[in-house]
Amino acid sequence: MKKKKVVPLFLATGMLFNGGEIIPVNVLAAEPVFTESFDAAALPDGWEVIQGQAAVQDGSLMLTSPSTSKPARVLMPESVSSGDYIIEADMTFVSAVEDTRWASIMYRVQGNDYPYYQMAVRRGANALNGVELALRNANNGWSVLNKAPYSEAFAYNKTYKMKIVSKGNRVQQYINGQLVIDTDQATALQEGRIGFQAAGATVKFDNIHVKEQTEELPSLADTSAFLGDQPETNLLNAPTIISDTPQLEQQEGVSSMMLKPDTDLLIQGTPLRTYLEEMKGETIPIIKLENEETAQKTAQLLSEMSVQDVHIVSTQSEVLKTVKEIVPSVRGALIYNRSSLNKHDLNRFIQSVHTSGAKTAILPQKLLSADTVHSFHSRAVSIWGDMEGELELDAHKLIHAGVDGIIARDPVPVTAAFSRYPENTLVQRPIVAAHRGIPSLAPENTMTGYRMSYELGADLIETDVQKTKDGEIVIMHDYTVDRTTDGTGNVKDLTLADIQSLDAGSYLSEEFAGEKVPLFREFLQEFKGKEVILLVELKADGIAEDTIRIIEEEGMRDQVVLQSFHLNSVTQSVASAPNMPSGYLYSAAVPQTEAARLNDARNMMNYATRLNVTLNSSYSSLSPEFTSYLRQRGMISFHWTFRNEADFGEQLQNGVIGPITDYTQWLTEAPIRIETPIKTRNLNIGQTATIQAKAFLNYRTDKKENIETNLFSSSDNVKIDGNTIQAEKSGSSYVFAQHTFTMLDQEWTLVSEPIEVTVK
């Protein structure tokens with residue numbers, strides 16, 4: 001056994017000299033240190049094999065387990081058992097039965113068996129439960145206290161640095177310096193031994209270091225996920241407010257603050273570190289960077305401070321990538337800095353956003369319209385508008401463009417704008433994705449259903465793709481053809497000729513007899529160049545590259561969004577086509593407490609950011625906190641599958657932007673927005689003016705229709721009667737047109753941009 005006591009030598013510089021290495025004092029506690037590098041041929045003295053196969057091989061501790069029912073477990077010497085310690089170890093997967101198999105560091109082990117806690121890491125560490133804090137309880141059963149994904153699956157024969165910091169009930173678990181689990185759930189056990197385990201895998205451990213943790217870890221309340229401040233408003237899905245004026249004190253109604261450090265990481269003479277410390281838990285930092293040197297320094301600071309809840313914004317994709325390489329969980333926003341934006345520019349910029357690992361775009365107000373924002377949203381890009389002036393009217397224009405965030409030098413006019421709207425206000429109808437076409441009216445995943453959903457105004461059309469026995473990509477939801485055709489068998493076991501001979505319509509109604517299973521290529525060709533986005537689910541695993549090849553052959557890269565339940569397919573999509581948006585499909589339980597729901601949102605947001613995907617969860621997985629958390633942090637996602645009007649309406653109230661539904665027709669008759677013919681009006685006292693608003697009924701056309709509206713204003717210098725304004729006394733006021741309509745068996749209010757009325 002190699003156990004040694006470190007005698008620290010403190011230098012005048014505030015550094016600690018240890019074996020030729022100079023280390024900042026705050027990194028190491030001046031406590032006895034246990035180290036083991038397995039230089040001898042046998043297991044060191046005091047180490048105990050308590051189950052399975054363990055041995056020292058080639059300078060490492062090798063644990064070999066054929067299955068989870070036959071784990072390999074080893075304990076360190078009893079002398080290391082305080083319970084408040086820092087454990088560090090290198091871990092390497094040599095093999096695993098499958099990606100769900102795991103290895104762990106056990107700690108606070110009671111006696112020489114159980115109970116104990118463990119930091120368990122699956123070979124597929126990027127799964128939602130890839131890393132766990134689990135309790136092996138007194139009944140020899142498992143209780144998973146926390147779970148979270150790491151940014152990547154563990155590669156075979158690649159070494160990862162594990163770290164556990166435990167103090168009382170507080171535990172932090174790190175991989176390669178990345179904080180993966182931060183919890184206060186370690187209440188059952190306060191001290192005990194340390195050990196190592198493998199289950200269904202062969203794993204090497206090496207370079208083990210243990211030292212006492214003397215300092216208290218920060219309160220979890222200080223490190224918990226949070227929602228930034230938001231003004232009171234009746235707007236549904238109101239944009240988040242981003243202050244462009246840095247202040248150390250919190251600003252009312254502001255969720256995020258833009259920070260622009262110089263190369264010395266100073267912001268008007270104040271260190272960036274100071275801002276990050278003061279903003280923690282209250283305001284979301286957004287850091288604007290434009291050169292590699294500052295990006296490198298900023299990334300190192302974020303890593304040192306374990307800051308993950310942060311946005312990096314830049315006009316340069318490479319700057320975003322530089323920071324993300326060091327801190328994979330940082331979110332990115334790409335700034336558009338050209339003076340015009342045509343369709344070609346828009347498509348190219350959206351591709352750049354996704355390629356850079358971002359999900360947010362920042363555009364100047366003059367380039368933003370409701371149609372432009374709709375185009376970004378349909379391709380899973382969130383939009384922050386840079387407000388060009390400091391007037392309330394500027395804020396209203398951005399609100400009505402449908403932006404997700406407003407960057408303002410002065411937040412006061414923005415919060416004032418938020419206060420003007422009546423209860424239950426929509427400024428525009430949300431986008432809608434037609435699930436498998438429109439299965440409530442036509443056979444699912446058929447050309448008839450797709451065409452019908454398009455005619456009914458779907459903004460996206462969702463479909464599912466699989467591969468036939470002879471390698472063709474076809475459209476089919478189920479893994480078998482049994483439910484939706486007159487045939488039987490697995491799609492992967494049938495040839496294209498077999499599948500195209502089937503009737504895919506009669507199962508719903510004889511009216512659709514003879515409907516065929518479409519080729520994926522046929523589906524693409526039908527909608528090429530039309531104003532619709534195709535939401536393509538990779539139903540079978542391992543077909544991402546073939547699917548992307550067909551999309552590119554058809555020249556449809558700018559019209560497709562990919563998604564999958566298979567993590568392998570999602571990561572392959574991002575790797576093969578980083579310029580196309582990809583979404584991870586999943587379903588999860590909603591935690592019981594607000595704090596837990598916010599922490600769940602943070603974990604999932606970090607997960608998606610590392611993978612460069614959106615979180616396309618089932619709507620039953622959503623909570624209002626989750627939706628708001630993603631909204632404030634610049635992520636647009638599509639959520640499935642709405643078949644109930646009450647649930648649909650409730651989620652729209654909570655702020656869902658991209659619903660996926662079998663019932664596109666529920667939203668078809670709802671106007672998307674209303675407009676007035678004028679934006680300003682001058683009146684003399686006693687003079688009247690009548691304003692008639694018109695409605696846009698479809699995102700695809702500029703056609704407007706007259707619609708029943710009435711005007712309202714919160715100012716007393718005008719009198720409103722229906723659609724007529726009467727000037728009462730001098731001054732200025734904002735007058736809005738509003739239209740109330742029924743959608744999803746609820747009443748909703750559409751409101752126009754304000755008319756600025758000046759009474760002389």
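This is a predicted model, so every value here is computed, not measured. Numbers here are sequence positions counted from 1.
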Peer 1: Just one of Val656, Asn654, Asn237 clears the side chain to side chain contact (heavy atoms under 4.5 Å, CB included) bar with Arg631, so which one?
Peer 2: Asn237
Peer 1: In chain order, what residues pass the side-chain hydrogen bond (donor to acceptor under 3.5 Å, both in side chains) check against Asn612, with sequence neighbours excluded?
Peer 2: Lys359
Peer 1: Would you say the side chain of His396 lies within less than 4.5 Å of the side chain of Phe736, judging by non-hydrogen atoms?
Peer 2: yes
Peer 1: If you define the side chain from C-beta out and look only at heavy atoms, does anything of Tyr734 sit under 4.5 Å from Leu393?
Peer 2: yes
Peer 1: Asp745: what forms a salt bridge (charged side-chain N to carboxylate O under 4.0 Å, His left out) with it, not counting sequence neighbours?
Peer 2: none
Peer 1: Give the intermediate values and the outcome of salt bridge (charged side-chain N to carboxylate O under 4.0 Å, His left out) for residues Lys343 and Glu531.
Peer 2: CA-CA 12 Å; Lys343 187 172 182 179; Glu531 293 294 324; 3.6 Å; yes
Peer 1: Quick test of your reading: applying salt bridge (charged side-chain N to carboxylate O under 4.0 Å, His left out), list the pairs with at least one residue in residues 373-384, sequence neighbours left out, ordered by first then second residue.
Peer 2: Arg379-Asp558
Peer 1: What's the shortest heavy-atom distance between Ser623 and Val590, and which atoms?
Peer 2: CB-CG1, 4.0 Å
Peer 1: Is the closest side-chain donor-acceptor distance between Asp647 and Tyr619 under 3.5 Å?
Peer 2: yes
Peer 1: Could you go step by step and tell me if Arg409 and Asp386 meet the salt bridge (charged side-chain N to carboxylate O under 4.0 Å, His left out) rule?
Peer 2: CA-CA 9 Å; Arg409 281 154 289 287; Asp386 194 353; 3.7 Å; yes
Peer 1: Under the side-chain hydrogen bond (donor to acceptor under 3.5 Å, both in side chains) rule, collect the residues that match up with Arg643, sequence neighbours excluded.
Peer 2: Asp662
Peer 1: To the closest 0.5 Å, what do you measure between CD1 (Ile407) and CE (Met387)?
Peer 2: 11.0 Å
Peer 1: Mind checking what makes side-chain hydrogen bond (donor to acceptor under 3.5 Å, both in side chains) contact with Ser255, not counting sequence neighbours?
Peer 2: Thr240
Peer 1: Can any side-chain N or O of Asp229 pair as donor or acceptor with the backbone N or O of Gly253 at less than 3.5 Å?
Peer 2: yes
Peer 1: Report the residues that fulfil ring pair (Phe, Tyr, Trp, His ring centres under 6.0 Å) with Tyr336, sequence neighbours left out, ordered by chain and then residue number.
Peer 2: Phe349
Peer 1: Can you find a side-chain donor-acceptor pair between Thr749 and Thr425 that sits under 3.5 Å?
Peer 2: no
Peer 1: Just jot down the salt bridge (charged side-chain N to carboxylate O under 4.0 Å, His left out) partners of Arg420, sequence neighbours excluded, or say none.
Peer 2: Glu392
Peer 1: Validate the cation-pi geometry between Arg700 and Tyr454: distance from NZ or CZ to the six-membered ring centre under 6.0 Å, angle to the ring axis within 45°.
Peer 2: yes
Peer 1: Under the criterion side chain to side chain donor-acceptor pair (under 3.5 Å), I'd like the reasoning laid out for Glu290 against Thr315: C-alpha separation, chi angles, the key distance, then a yes or no.
Peer 2: CA-CA 7 Å; Glu290 290 299 341; Thr315 60; 2.7 Å; yes
Peer 1: Could you tell me the separation between the CH2 atom of Trp748 and the CG atom of Leu236, rounded to the nearest 0.5 Å?
Peer 2: 6.0 Å
Peer 1: Ring-plane angle category for Phe648 and Phe642, please: parallel below 30°, perpendicular beyond 60°, tilted otherwise.
Peer 2: parallel
Peer 1: Hey, what do you get for CD1 (Ile312) to CG (Leu289), rounding to the nearest 0.5 Å?
Peer 2: 5.0 Å
Peer 1: What are the two closest non-hydrogen atoms of Ala358 and Leu320, and how far apart are they?
Peer 2: CB-CD1, 4.2 Å
Peer 1: Measure from NZ or CZ of Arg633 to the centre of the six-membered ring of Phe626, then state whether that distance is under 6.0 Å and the direction lies within 45° of the axis.
Peer 2: no
Peer 1: Identify, with sequence neighbours excluded, every residue that meets side-chain hydrogen bond (donor to acceptor under 3.5 Å, both in side chains) alongside Ser243.
Peer 2: Gln251
Peer 1: Once the angle between the rings of Tyr699 and His374 is folded into 0 to 90°, is it parallel (under 30°), tilted (30 to 60°) or perpendicular (over 60°)?
Peer 2: parallel
Peer 1: My understanding is that only residues two or more places apart in sequence, or in another chain, count here; which of them pass side chain to side chain contact (heavy atoms under 4.5 Å, CB included) with Asp410?
Peer 2: Glu390, Val412, Pro413
Peer 1: Assess the side chains of Gln665 and Ser440: does a donor N or O sit below 3.5 Å from an acceptor N or O?
Peer 2: yes
Peer 1: State, without any angle test, whether Asp371 and Ser369 hold a side-chain donor-acceptor pair at a distance under 3.5 Å.
Peer 2: no
Peer 1: Will you find, in the side chains of His435 and Thr661, an N or O donor that is under 3.5 Å from an N or O acceptor?
Peer 2: no
Peer 1: Do Thr372 and Ser375 have side-chain heavy atoms sitting under 4.5 Å apart?
Peer 2: no
Peer 1: Between Tyr421 and His400, is the ring centre distance below 6.0 Å?
Peer 2: yes
Peer 1: Mind jotting down which residue pairs meet the salt bridge (charged side-chain N to carboxylate O under 4.0 Å, His left out) criterion with at least one end in residues 584-608? Sequence neighbours excluded, please.
Peer 2: Arg597-Glu625
Peer 1: Identify whether the distance between the nearest side-chain nitrogen and carboxylate oxygen of Asp459 and Arg429 falls below 4.0 Å.
Peer 2: yes
Peer 1: Which residues pass the salt bridge (charged side-chain N to carboxylate O under 4.0 Å, His left out) test with Lys704, not counting sequence neighbours?
Peer 2: Glu675
Peer 1: Of all residues at least two apart in sequence or in a different chain, which pass the side chain to side chain contact (heavy atoms under 4.5 Å, CB included) check with Asn342?
Peer 2: His344, Asp345
